[in-house]
Amino acid sequence: MPLLTRIRGPRDLDGLTPEQLDELAEEIRTFLVDAVSKTGGHLGPNLGVVELTIALHRVFDSPKDKVLWDTGHQAYVHKLLTGRQDFSKLRAKGGLSGYPSRAESEHDVIENSHASTVLGWADGIAKANQLLKRDSHVVAVIGDGALTGGMAWEALNNIADAKDRPLVIVVNDNERSYAPTIGGLANHLATLRTTDGYERFLARTKEMLERTPVVGKPLYDTLHGAKKGLKDFIAPQGMFEDLGLKYVGPIDGHDIQALESALARAKRFNGPVIVHCLTEKGRGYKPAEQDEADRFHGIGPIHPDTGLPIKAAAQSWTSVFGDEMVKLGHEREDIVAITAAMLQPVGLKKFAEVFPDRIYDVGIAEQHAAVSAAGLATGGLHPVFAVYATFLNRAFDQVLMDVALHKCGVTFVLDRAGVTGDDGASHNGMWDMSMLQIVPGLRLAAPRDADQLRAQLREAVAVEDAPTVVRYSKGVVGPAVPAVGRVGGMDVLREPGTDRPDVLLVSVGALAPMCLEVAELLQKQGISTTVVDPRWVKPVDEAMAPLAERHRVVVTVEDNSRVGGVGSAIAQALRDAGVDVPLRDFGIPPRFLDHASRAEVLAEIGLTAPDIARQVTGLVARIDGRYERTASDVDSVEAARD
């Protein structure tokens with residue numbers, strides 16, 4: 001009987017022998033490759049933390065002891081060891097989340113998968129334990145990539161201030177976040193990782209002294225007790241201890257017994273301790289180990305034997321952006337690119353290969369990226385900061401007060417905007433158009449297809465006196481959606497065929513094909529519709545108000561929160577212009593969305609052509625006075641008014 005099937009909770013690990021633990025580790029790796037190759041997911045990070053996770057759950061008593069993960073994409077092994085072994089619907093509707101989930105297990109604490117937050121969480125929980133006199137422990141597992149984030153160091157500064165507050169920080173050092181980790185801290189960790197002179201010296205000394213009768217062991221213990229001065233001489237690791245943090249390591253992150261010994265020592269220490277573990281991302285799976293780009297950090301379905309994708313990759317929004325950036329780089333020497341530890345995921349790998357001196361990877365530090373971009377612009381360059389839409393949330397103050405206030409020509413390119421689906425609540429890029437609406441002077445584009453992405457990126461980098469934003473969806477880019485006319489700066493995608501049309505349908509970004517489908521469904525109900533794509537959704541085009549005035553109803557459709565989004569901005573613009581036309585805005589409701597496919601999420605929140613057409617038909621009918629109010633209709637009427 002496989003050992004893994006006998007593990008229903010962490011305490012089932014207690015009775016296993018060292019040999020069985022090694023066997024279990026291999027079973028887990030086999031399971032992960034088989035399961036994740038079918039569903040897609042974060043394979044490489046989890047292959048690297050198998051032994052570390054086993055050791056953590058043997059030394060600490062979850063859920064009494066809180067084991068926190070930063071980021072949560074490395075928690076698959078944790079799920080397996082806490083009773084969740086059905087990975088058949090991983091990241092799919094009704095299946096396991098790709099990150100820790102409180103709804104799944106009492107062993108999961110942090111659901112947010114934005115990096116560099118775990119030490120702040122750990123600091124708060126440790127303070128609560130101290131005040132409430134609990135005897136439980138707090139363990140924060142943080143990757144070396146996440147340590148490049150400023151929030152991590154803000155937390156470390158506070159953690160180190162409490163010498164008697166137990167807190168174990170496990171640094172999972174695999175030299176990578178997505179791609180190889182960069183920066184001064186990474187170089188420091190590399191020094192620790194590669195300086196083994198102290199360990200060799202200590203091992204030889206121990207062997208020699210243990211052969212010396214009577215005084216040998218006391219001398220060794222004395223020497224070992226003086227290790228800080230010696231280690232600072234041989235390996236410059238004093239940074240952590242100078243902060244007031246006890247340092248243990250580096251430890252082989254694939255040696256369960258060594259890990260358990262280090263973690264047990266840290267657990268006994270009545271104060272903050274850093275346990276530095278060296279792991280290999282993708283360990284035990286040759287295709288991942290040989291993938292220099294990101295060691296199979298995140299994959300789609302693959303052939304498990306070869307690691308090759310099951311389906312050929314179609315053209316994605318990201319790849320369109322990446323190719324156009326290279327063209328722009330050839331045309332303009334002032335264009336530089338910035339990424340926050342996500343060179344390949346945001347499509348800048350080709351640009352980096354062609355222009356290695358014009359790419360800046362700042363680590364997981366979006367706030368710094370935005371301020372640095374302001375500096376680059378002030379210095380005479382035009383920076384393009386490519387980042388997931390959900391991660392721009394973290395740099396809002398810098399966009400507002402550093403970039404916009406100073407009228408810096410910086411272009412922000414937001415990948416994975418709108419509903420992303422399978423990565424769950426924290427990865428949906430559903431707040432950017434609401435958040436950015438309030439930034440004075442900022443201009444925001446939402447291209448509907450690949451041609452528009454290329455065109456609007458060029459329009460964005462041509463602006464030198466204000467921040468510009470280009471946002472687009474995750475995944476495959478659809479076919480071109482041609483315009484049939486132009487009103488002001490807006491593309492007309494469908495003409496109504498009448499002088500007094502019923503509906504002005506404002507389509508935002510990649511939802512254009514669906515909006516055209518809505519118009520077709522409305523036409524079948526005898527409702528004439530004009531479909532326009534604003535292209536630049538901020539500021540609202542001056543031609544919008546007079547165009548709206550020629551229609552009986554205005555409908556906006558956006559892949560963004562309804563609260564403060566494009567629909568709200570257009571409604572305000574119409575009010576300011578004195579245009580009194582009913583407006584109905586469709587978008588994402590203000591709630592966190594569970595993981596599922598993008599199509600399933602859109603269906604759940606009513607962003608489908610039939611749903612929208614049905615509600616617009618009802619709205620037009622009410623305006624015509626053909627709608628009979630009955631008790632059963634009250635709720636839908638009130639919802640339409642909202």
Side-chain angles (χ1 to χ4, degrees), residues 66-74 100 109-131 137-173 177 181-189 192 237-247 249 266 271-276 338-342 360-375 385 387-388 390-403 426 435:
K66 303 303 180 188
V67 181
L68 317 176
W69 299 89
D70 189 339
T71 62
H73 62 235
Q74 60 182 324
V109 181
I110 307 175
E111 296 192 4
N112 183 5
S113 56
H114 289 193
S116 310
T117 62
V118 72
L119 299 184
W121 275 90
D123 179 54
I125 294 173
K127 287 172 178 173
N129 286 344
Q130 187 177 54
L131 284 174
H137 292 80
V138 183
V139 186
V141 184
I142 183 167
D144 56 313
L147 272 178
T148 63
M151 284 187 295
W153 291 91
E154 293 171 17
L156 279 173
N157 185 52
N158 283 269
I159 290 168
D161 191 51
K163 310 299 183 188
D164 61 345
R165 187 180 298 138
L167 197 164
V168 178
I169 300 168
V170 177
V171 177
N172 173 27
D173 180 5
S177 43
T181 305
I182 57 87
L185 174 65
N187 291 336
H188 181 84
L189 291 175
L192 299 182
Q237 66 173 40
M239 174 177 64
F240 292 118
E241 293 188 359
D242 288 344
L243 282 171
L245 298 164
K246 184 73 172 176
Y247 176 91
V273 184
I274 283 183
V275 179
H276 181 192
I338 303 175
T339 175
M342 301 181 74
Y360 302 99
D361 188 338
V362 301
I364 301 177
E366 292 85 1
Q367 291 173 286
H368 167 67
V371 178
S372 179
F385 175 24
V387 61
Y388 283 10
T390 183
F391 296 145
L392 187 70
N393 301 352
R394 316 180 84 173
F396 173 75
D397 185 65
Q398 290 67 39
V399 173
L400 179 67
M401 292 299 175
D402 293 289
V403 181
S426 63
M435 179 177 68

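Along the sequence shown, residues are numbered consecutively beginning with 1. Not measured: the values here are computed from a predicted model.
In this structure, CD1 on Ile110 lies 5.5 Å from CH2 on Trp121, to the nearest 0.5 angstrom. Note: Asn172 CG to Ile142 CD1 = 10.0 Å, rounded to the nearest 0.5 Å. The distance from atom CH2 of Trp69 to atom CD of Gln74, rounded to the nearest 0.5 Å, is 6.0 Å. Atom CD1 of Ile169 sits about 8.5 Å away from atom CG of Leu147, to the nearest 0.5 Å. Summarising the geometry, atom CG belonging to Asp161 is positioned 10.5 Å from atom CG belonging to Leu245; distances are rounded to the nearest 0.5 Å. Atoms CG and CH2, from Asn158 and Trp153 in turn, are 13.5 Å apart once rounded to the nearest 0.5 Å.
Of all the heavy atoms in Val109 and Val67, the pair that sits closest is CG2-O, 4.4 Å. In terms of heavy-atom proximity, Ala140 sits nearest to Leu119 at CB-CD2, 3.8 Å. Heavy atoms only, all atoms of each residue included: Leu167 and Ala126 are closest at CD1-CB, 3.9 Å. Pairing each heavy atom of Ile338 with each of Ala373, the nearest pair is CD1-CB, 3.7 Å. Ala146 and Ala152 get closest at one heavy-atom pair: O-CB, 4.0 Å.
Applying the side chain to side chain contact (heavy atoms under 4.5 Å, CB included) criterion to Gln398, with sequence neighbours excluded, gives Gln367, Ala370, Val371, Ala395, Asp402. Looking at residues two or more places apart in sequence or on another chain, you find a side chain to side chain contact (heavy atoms under 4.5 Å, CB included) between Ala365 and Val362, His368. Residues passing the ring pair (Phe, Tyr, Trp, His ring centres under 6.0 Å) test with His114 are Phe391, sequence neighbours excluded. Here Thr71 pairs with His73, Ala115 under the side chain to side chain contact (heavy atoms under 4.5 Å, CB included) rule; sequence neighbours left out. Applying the side chain to side chain donor-acceptor pair (under 3.5 Å) test to Ser372 and every residue at least two apart in sequence or in another chain returns nothing. Scored by the side chain to side chain donor-acceptor pair (under 3.5 Å) test, Gln130 finds Arg165 as partners (sequence neighbours excluded). Every residue meeting the salt bridge (Lys or Arg N to Asp or Glu O under 4.0 Å) condition with Lys127, not counting sequence neighbours, appears here in chain and number order: Asp123. Taking the side chain to side chain donor-acceptor pair (under 3.5 Å) definition, one finds that Glu366 meets it with nothing, sequence neighbours left out.
Inter-residue side-chain proximity for Val141 and Val118 is flagged as unmet; no heavy-atom pair is nearer than 4.5 Å. In this structure, Met435 and Leu392 have side chains that are in contact, with non-hydrogen atoms separated by less than 4.5 Å.
At least one donor-acceptor pair closer than 3.5 Å links the side chain of Asp70 to the backbone N or O of Thr117. Between the Thr148 side chain and the Ile364 main chain, a donor and an acceptor come within less than 3.5 Å of each other.
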